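Atom set for the values below is all heavy atoms of this structure, side chains included, hydrogens, waters and symmetry mates excluded. We number each residue from 1, following the sequence as shown. Note that the coordinates shown come from a computational prediction; the quantities given were computed from them, not determined experimentally.
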Amino acid sequence: MFRCNPTISEADYEYILNHAGVKYVFISTKDLLRKIQHILPKVASVKGVYSFTKIADTPCLCDLVEEARKNPVPEEVEAIKATIKPNDLATLIYTSGTTGNPKGVMLSHNNILSNVMAVRHIPPLEGKDKALSYLPLCHIYERTINYTWQYLGVATYYAESMATIADNMKEVKPQLMSTVPRLLERIFDKIMNTGRKLKGIKRMFFFWAVNLGNRFKLHGGNGLFYKLQLKIVSKLVFSKWRAATGGNLNVMVSGGAALQPRLSRIFWAAGIPVLEGYGLTETSPCIAVQHFGRHGHDFGTVGPPLSNVEVKIAPDGEILTKGPHIMLGYYKEPELTRQTIKEDGWLHTGDIGLLQPDGQLSITGRKKAAFKTSFGKYINPEVMEEKFKESSFIDTLMVLGENQKFAAALIVPDFVHLKSYCVIKNIPYSTDAEMVENSVLRKRFQVEVDKFNVSFGSYEQIKRFELIGNEWNVDGGELTPTLKIRRSYIANKYKSSVAKLFSLAE
């Protein structure tokens, strides 16, 4: 059985359906049906397609349920249940993959439940709590969190779409919510754009609150005078931020990618605690997560490893992990499995990190993402990208420069902020694609790049950049469904821009 992921490409659909030998496909919308209909003749194993609700002439799940009611076979069901063991394959999840074809990760019942049991103590529960879920359930991150909510008896509400999350938060007023950094970045950007439009004393209080938030320290590290100021701006400014999220959030759990420490600081200052976690599809997914206990959270970390998980750092800095959370392997890929899980049972994550003295784990980059310039200097692009994304002018970017004399970048502007800037500066705005060619705006981006370059060594600094005239997204192929950039895809899609960056090299 295959449940369609609405965010993957048609090529990935065809590959996964054939690779997994899928027999039955379940879809939820007409758009998904249209997306896979012409692929199905190329997949010999598929016997049928069912919809969750009535869609034209497509057989419906309700028809299967009705047929089962008419023809009950409880003895057969019990016999099948009796054969299922904790370490049997429970689910086959294909990773989105930043390079190459998706890989089929085999997870057992025990893999997933080991994670559920290890994180069940983290959310602060108060009575009849509600959780809001908006991430795809075909990803193990959101699925395991949903199983945890169910285990704890938390009522789970599902957002209607990505576009309605803000309205759904106000409607549901959740105490708990899982997220990815991209949503927090967009929430913050929207708040900042609203603040820039304020006038007089309201504007003054707004930016006083933001500046205080940027200086927030955990565990009461700011002092009495800071606390007094924070109390004032909390009532005048941050209360509105909390109201925008429903007013009841006790915790947001962020995973899937690194969260900028400045965002974590300001959300904590606003009274919206954000706990970061870290893991892979291959680890069910959680390896480490922050919590509210002693040494449980600090900015710049993803918290301590789970109680039933082992973590160590290899001599080259790679994070290794062992425990009941480790996958059974990659489907039909024994050699790839052996490359990832060594004979001693340690899984090699491909991420670089270090363990802090108090036991918390910090992620410093991706092993394969790091590259070397022609001068032999190593650059970690992800660290640079996170820093540059602090700019209100920059939506996202990709740092390049492998075997080149210098580092360069493809930059996607924050077009909402760019439009506001053009209004203030009386610059006529036409289209996004045309505005990135505007010489005045390019000079403004150079100022922004120069400002953030000072945070890095001379060999790391971005010497040249190209502005991209459209947003990167999942449909365009630049982002994975968990909103990570697909480096090889972007480098190929924008190869003329990349060539232009380095053909100018002296």
Side-chain angles (χ1 to χ4, degrees), residues 1-68 70-71 73 76-77 79-81 83-85 87-109 111-112 136-140 142-143 281-282 327-341 474-477 479-482 486 488-489 492:
M1 181 184 80
F2 178 66
R3 179 169 56 185
C4 279
N5 178 347
T7 58
I8 65 175
S9 68
E10 292 184 11
D12 282 346
Y13 276 131
E14 184 178 340
Y15 174 81
I16 292 170
L17 290 169
N18 277 301
H19 188 262
V22 169
K23 294 182 179 179
Y24 295 97
V25 179
F26 289 79
I27 54 97
S28 58
T29 65
K30 289 181 181 178
D31 288 340
L32 275 175
L33 182 61
R34 282 194 293 267
K35 202 169 186 179
I36 66 166
Q37 257 179 339
H38 67 282
I39 296 171
L40 295 178
K42 304 175 186 177
V43 187
S45 61
V46 171
K47 295 181 179 180
V49 178
Y50 291 87
S51 60
F52 291 115
T53 56
K54 286 287 186 183
I55 298 177
D57 298 326
T58 305
C60 180
L61 176 62
C62 56
D63 299 329
L64 287 178
V65 173
E66 185 58 32
E67 187 175 338
K70 292 178 180 177
N71 303 282
V73 283
E76 188 176 337
V77 172
I80 293 172
K81 284 169 61 178
T83 66
I84 299 171
K85 303 293 186 257
N87 286 319
D88 286 348
L89 177 65
T91 185
L92 184 59
I93 298 180
Y94 280 79
T95 62
S96 48
T98 53
T99 60
N101 287 322
K103 296 171 290 188
V105 177
M106 297 186 290
L107 297 178
S108 70
H109 300 278
N111 285 153
I112 299 168
L137 287 169
C138 45
H139 296 297
I140 192 59
E142 189 68 5
R143 197 186 304 183
T281 302
E282 292 85 341
M327 66 174 178
L328 301 176
Y330 292 115
Y331 188 57
K332 296 181 180 178
E333 298 284 357
E335 182 54 35
L336 186 57
T337 300
R338 283 191 289 271
Q339 292 172 16
T340 306
I341 307 172
V474 175
D475 290 338
L479 303 183
T480 72
T482 50
R486 299 179 66 193
S488 59
Y489 180 88
N492 183 61

K.L.:
List in chain and number order the residues that pass side chain to side chain contact (heavy atoms under 4.5 Å, CB included) with Ser108, two or more places apart in sequence or in another chain; answer none if no residue qualifies.
P.N.:
Asn87, Asn110, Asn111, Leu328
K.L.:
How long is the straight-line distance from CD1 of Ile112 back to CG of Leu107, given to the nearest 0.5 Å?
P.N.:
5.5 Å
K.L.:
Looking at residues at least two apart in the chain, or sitting in another chain, which of them share a side chain to side chain contact (heavy atoms under 4.5 Å, CB included) with Asp63?
P.N.:
Lys54, Cys60
K.L.:
Could you grab the distance from atom CD1 of Ile36 to atom CD1 of Ile27, nearest 0.5 Å is fine?
P.N.:
6.5 Å
K.L.:
Mind checking the CD1-CD1 spacing from Ile93 to Ile140? Nearest 0.5 Å is all I need.
P.N.:
4.0 Å
K.L.:
Locate the shortest heavy-atom distance separating Pro102 from Thr95; write the atom from each residue and the value.
P.N.:
CB-O, 3.2 Å
K.L.:
Step by step, would you call Met327 with Ile341 a side chain to side chain contact (heavy atoms under 4.5 Å, CB included)?
P.N.:
CA-CA 9 Å; Met327 66 174 178; Ile341 307 172; 4.0 Å; yes
K.L.:
Which atom pair, heavy atoms only, marks the closest approach of His19 to Tyr331?
P.N.:
CE1-O, 3.2 Å
K.L.:
For Asp31, which residues count as a salt bridge (charged side-chain N to carboxylate O under 4.0 Å, His left out) partner, sequence neighbours excluded?
P.N.:
Arg34
K.L.:
Please tabulate, for side-chain N and O atoms in residues 37-49, each donor-acceptor pair with protein atoms closer than 3.5 Å (sequence neighbours left out).
P.N.:
| unit_1 | atom_1 | unit_2 | atom_2 | d |
| --- | --- | --- | --- | --- |
| His38 | NE2 | Glu10 | OE1 | 2.9 |
| Ser45 | OG | Val22 | N | 3.3 |
| Ser45 | OG | Val22 | O | 2.6 |

K.L.:
Is a donor on one side and an acceptor on the other found under 3.5 Å between the side chain of Ser51 and the backbone of Thr53?
P.N.:
yes
K.L.:
What residues, two or more places apart in sequence or in another chain, satisfy side chain to side chain donor-acceptor pair (under 3.5 Å) together with Thr29?
P.N.:
none
K.L.:
For a quick test of reading the model, state the closest non-hydrogen atom pair linking Glu282 to Val105 and the distance between them.
P.N.:
CA-CG1, 3.9 Å
K.L.:
List for me each residue that meets ring pair (Phe, Tyr, Trp, His ring centres under 6.0 Å) alongside Tyr50, sequence neighbours excluded, and say none if there are none.
P.N.:
Phe26
K.L.:
Just how far is it from atom OH of Tyr330 to atom NZ of Lys103, taken to the nearest 0.5 Å?
P.N.:
4.0 Å
K.L.:
Which residues satisfy the side chain to side chain contact (heavy atoms under 4.5 Å, CB included) test with Glu67, sequence neighbours excluded?
P.N.:
Asn71
K.L.:
For Lys85, which residues count as a side chain to side chain contact (heavy atoms under 4.5 Å, CB included) partner, sequence neighbours excluded?
P.N.:
Asp88
K.L.:
Would you confirm whether Arg143, through its side chain, and Leu137, through its main-chain N or O, come within 3.5 Å as a donor-acceptor pair?
P.N.:
yes
K.L.:
If you look only at pairs with a residue in residues 327-338, which of them pass as a salt bridge (Lys or Arg N to Asp or Glu O under 4.0 Å), with sequence neighbours excluded?
P.N.:
Glu335-Arg338
